[in-house]
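So that the names make sense, note that chain A is the first sequence line, chain B the second, and so on, each numbered from 1.
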Amino acid sequence: MSPRLQFKGISKLFPAVRALHEVSLSVGAGEIHGLLGENGAGKSTLLRVLSGVYRPTAGSILIDGKPVTLANPVAARAAGVAMIHQELQQVPRLSVAQNMFLGHPLTRGGIFVARREQERRAADALAAIDPSIDPAAPLGTLKVAQRQIVEIARALLDRARIVAMDEPTSSLTPSEFERLAQVITGLARDGVAVVYVSHKLDEVFGICRRATIMRDGVVVDSVDLKDLSEKAVVAMMVGRELAREHHNSHATNKVMLSARGLSSATKVRNVSFNLHRGEVLGIAGLVGSGRTELLRLLAGADRATAGTIAIDGKAARFASPRDAIAAGVGLVPEERKREGIVPLRSITCNMALASMAVFAPRGLIDHARLKHVAVEKMSRVNLRPFLLDRPIRLFSGGNQQKAIIGRWLAAGTRILLFDEPTRGIDVGAKAEIYHLIEELAAEGHAVIVVSSELPEVIRLADRVLVMRDGTIAAELHRDDISEQAIAAHAIPQTQTPAAQQARQ
Amino acid sequence: MSDTTLVRPRAEFVRGVSMRDAGTLIGLVVILTVFGALVPGFFAERNLINILQQSSINACLALGMTLVIISGGIDLSVGPTAALSAVISASMMVAGVPFPLAIAAGFAIGLACGLVNGVLVAYVGLQPFIVTLGTLSTYRALALIYTGGNPVLGLPAGFRAIFNGSLFGLPLAVVIVACVAVVAWVVLKKTPFGEYLLAVGGNEEAAYIAGVPIARTKIAAYMISGLLAALAAQILIGRLGAAEPILGNLWELDAIAAAAIGGASLMGGKGSIVGTILGAIILGAMRNGLTLMNVQSFYQLLATGLIILAAMLIDRVTRGRG
């Protein structure tokens with residue numbers, strides 16, 4: 001029997017770049033196939049070819065053994081390909097059902113939208129995977145995980161034979177991932193071929209049996225995952241073996257920042273802790289436990305409703321990030337595109353944004369000095385490509401992140417707050433950012449790292465605060481830090497007996 | 001992912017002149033060439049100076065408009081701001097107030113009008129379009145109420161001489177606006193405020209986290225726009241010798257057009273002083289040429305519309321998608 005989906009010698013050339021070169025791989029009906037590779041390896045381009053956004057320069061796509069021409073997204077959909085994007089392409093104000101029928105609504109007499117009928121069919125499709133979702137509810141009221149399920153239900157509605165998922169879990173909690181994994185496995189059981197792109201190797205190992213690894217637009221290999229270790233797969237992805245990382249501590253006893261009884265209007269309740277010079281303090285917890293909100297309070301981006309912050313023992317009141325920056329605190333936000341970069345401006349301008357006054361002592365910007373500092377800071381963070389005048393939007397996520405870190409270096413920031421520092425960043429750049437954080441600590445900066453990736457917390461943190469429901473549920477010192485310990489404190493008490501046991 | 005590596009960084013054409021500005025310049029050269037071929041005497045020195053003079057008021061407004069648009073806003077109230085500033089200055093002069101003081105009062109009115117816009121946008125958080133649509137009516141009404149709808153006539157000759165004089169063979173109005181343009185260019189390219197404007201318009205949330213003073217930056221942009229509207233008003237009443245409360249009708253549209261032709265994006269975060277000046281001259285040259293050809297004003301309006309659409313289409317095509 002021919003495989004459900006087959007790529008044969010697919011190449012895609014862009015004017016300046018060879019994005020794909022003779023890519024061949026096949027996915028059987030009922031298979032969940034992982035697609036792995038660093039950013040820029042060609043995974044997204046391949047998915048775009050599959051979903052009809054790009055026409056391949058050479059090669060062919062076969063579905064159930066028959067060659068197909070996917071000239072545009074509509075044709076791809078008609079051929080049974082459903083694409084679930086990393087950033088969901090939905091309209092929040094419309095209902096779940098309206099979103100599921102977006103672009104091809106059911107009508108009465110070709111004029112009026114048959115709303116009831118749409119909702120009935122949407123409910124049918126949802127019933128199979130998550131009956132708790134109300135088809136008439138506005139999509140915006142759903143959690144991200146539920147929205148993802150709506151997208152999958154939409155694929156069911158279209159009777160998709162192939163479902164391609166691009167980083168579906170980048171904003172899901174572990175339990176939400178479990179739910180999604182069940183849904184995906186269910187899809188496969190019904191004979192759908194699933195192409196699953198993710199940076200998170202543990203997930204891929206969890207739900208995929210086979211995977212194809214790509215690098216620089218070519219297929220490195222298609223492998224059986226049960227024969228391989230994660231380490232071997234990473235080595236195939238980056239083309240070299242990443243050194244096993246050891247944790248180094250540079251923490252001192254000198255308190256640089258202390259928070260007492262901090263509370264915010266929404267999420268944070270009565271949080272107290274100290275942060276020391278040279279220390280990397282990890283903050284773990286589930287999404288929604290108040291970690292991001294706590295960082296925003298410390299960075300002056302939100303106002304505290306109660307509690308105090310002291311920097312170097314002196315009480316500090318932050319009415320805006322400006323005040324926090326003046327006190328030496330800088331935030332590297334989670335959502336880089338929304339809160340980090342000014343996309344049209346150059347690397348240099350993005351770097352200098354927080355310290356403009358320093359570069360313009362007499363009102364006019366000293367461009368020579370600015371350039372000098374940019375060269376220094378950007379070499380320090382190893383920006384690639386090293387084009388300081390190029391708009392930041394043209395850089396990869398990892399390099400954008402380096403520029404934001406450089407922003408705080410240029411501003412002389414002593415307390416750095418990282419919110420999910422490596423989200424959406426590929427394996428190679430991740431290691432660089434870890435090194436950078438460690439170096440900053442070694443130089444006497446104080447660092448807070450909020451992360452949902454437990455290995456990241458364990459790799460970086462000298463000490464971990466585990467947050468739950470806006471409070472600090474536990475403080476773990478270096479020797480006590482483990483995935484089990486963090487999870488046990490992060491998950492609300494009543495949920496699992498196993499967690500309760502671990503806690504005792 | 002990989003498609004991000006496709007777009008090459010836009011090369012700086014000559015130091016300080018971007019490719020986009022070069023495009024606007026080509027547009028201007030084409031229009032000048034066409035009219036030069038069709039209209040005898042179009043290239044006469046007198047006529048070229050005329051074009052600059054006729055463009056100067058719009059250019060003055062468009063400079064302020066460019067800064068506001070870069071900050072992610074829009075200022076629809078420039079015409080009525082100018083009118084209010086004009087009638088108050090003029091009535092003070094007619095009442096015998098020394099004209100430097102009257103001019104200063106006019107500028108203060110412009111700044112105040114901009115301050116109101118800016119505060120409503122930055123602190124109250126209203127949408128710029130709606131705020132300035134509201135103040136467009138309000139300021140116009142104030143000007144009409146203040147004058148009872150009648151023009152203020154009989155401005156002193158000393159005042160009129162200032163704006164009708166010339167320097168190095170150029171009308172003083174042109175020289176003033178050219179100086180304003182140079183200052184605006186320096187502000188945008190060389191000062192932290194310019195960088196803040198681009199950051200606030202380009203990504204307000206990111207600018208906030210990076211410590212940019214968002215509210216101050218926006219308010220300053222609207223105040224500059226108000227001040228330049230007041231300056232345009234002084235130039236106009238100096239030329240006319242009278243101030244009408246209805247002056248400046250639809251000025252905002254020409255100013256937005258000049259900024260857009262020059263490459264300002266109404267999404268914010270993008271715009272060029274050089275481009276805006278060229279855009280204003282394009283509009284001025286076209287009107288001048290069509291008038292000399294005795295084309296009906298209906299067709300002049302049509303040509304203005306088509307130029308704006310053509311500029312936007314060329315923008316779209318040359319920039320590709322996204």
Novice: Which pairs of donor and acceptor atoms, one on a side chain in residues 357-365 of chain A, lie under 3.5 Å apart (sequence neighbours left out)?
Specialist:
none

Novice: For A:A301, is it the side chain, the backbone, both or neither that has a heavy atom under 4.5 Å from a heavy atom of chain B?
Specialist: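 For A:A301, the contact with chain B is made by backbone and side chain together.
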
Novice: Pair up each side-chain donor or acceptor in residues 69-77 of chain B with any protein partner under 3.5 Å, not counting sequence neighbours, and list the distances.
Specialist:
{"residue": "B:S71", "atom": "OG", "partner": "B:V68", "partner atom": "O", "Å": "2.7"}
{"residue": "B:D75", "atom": "OD1", "partner": "B:S77", "partner atom": "N", "Å": "2.9"}
{"residue": "B:D75", "atom": "OD1", "partner": "B:S77", "partner atom": "OG", "Å": "2.7"}
{"residue": "B:D75", "atom": "OD2", "partner": "B:S225", "partner atom": "OG", "Å": "2.8"}
{"residue": "B:S77", "atom": "OG", "partner": "B:N117", "partner atom": "ND2", "Å": "2.9"}

Novice: Is chain B contacted by the side chain of A:L353, its backbone, both, or neither, given a heavy-atom distance below 4.5 Å?
Specialist: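 Its backbone and side chain both get close to chain B.
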
Novice: Is the number of heavy atoms from other residues, nucleotides or ligands within 6.0 Å of OH (B:Y123) greater than 12?
Specialist: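 Incorrect, the count does not exceed 12.
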
Novice: Which heavy atom of B:G211 sits nearest to which heavy atom of A:R322, and what is that distance?
Specialist: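 What the structure gives for the nearest pair is O-NH1, 2.6 Å.
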
Novice: Which bit of A:R345 comes within less than 4.5 Å of chain B, counting heavy atoms only: side chain, backbone, both or neither?
Specialist: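 Looking at A:R345, just its side chain touches chain B.
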
Novice: Checking an interface table here. Which of residues 200-210 of chain B come within a heavy-atom distance under 4.5 Å of chain A?
Specialist: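 At a heavy-atom separation under 4.5 Å, chain A is reached by B:G202, B:N203, B:E205, B:A206, B:A207, B:Y208, B:I209, B:A210.
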
Novice: Can you tell me which of B:V212, B:V186, B:V187 forms the most heavy-atom pairs within a distance under 4.5 Å of chain A?
Specialist: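 Sorted descending by pairs with chain A, the first entry is B:V212.
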
Novice: So does A:H367 have more than 12 non-hydrogen atoms from other groups sitting under 6.0 Å from NE2?
Specialist: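 Check passes, neighbour count above 12.
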
Novice: Using non-hydrogen atoms only, which part of A:I325 is less than 4.5 Å away from chain B: side chain, backbone, both, or neither?
Specialist: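 Looking at A:I325, just its side chain touches chain B.
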
Novice: Kindly check if the number of other-residue, nucleotide or ligand heavy atoms within 6.0 Å of CZ (A:R338) is above 12?
Specialist: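 Result for CZ/A:R338: enclosed.
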
Novice: Return yes when atom CZ of A:R369 has more than 12 non-hydrogen atoms of other residues, nucleotides or ligands closer than 6.0 Å, and no otherwise.
Specialist: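 Atom CZ in A:R369 is packed in, count exceeds 12.
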
Novice: Enumerate the side-chain hydrogen bond (donor to acceptor under 3.5 Å, both in side chains) contacts for residues 253-262 of chain B, please, sequence neighbours excluded, ordered by first and then second residue.
Specialist: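 Passing the test, one end in residues 253-262 of chain B: B:D254-B:R287.
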
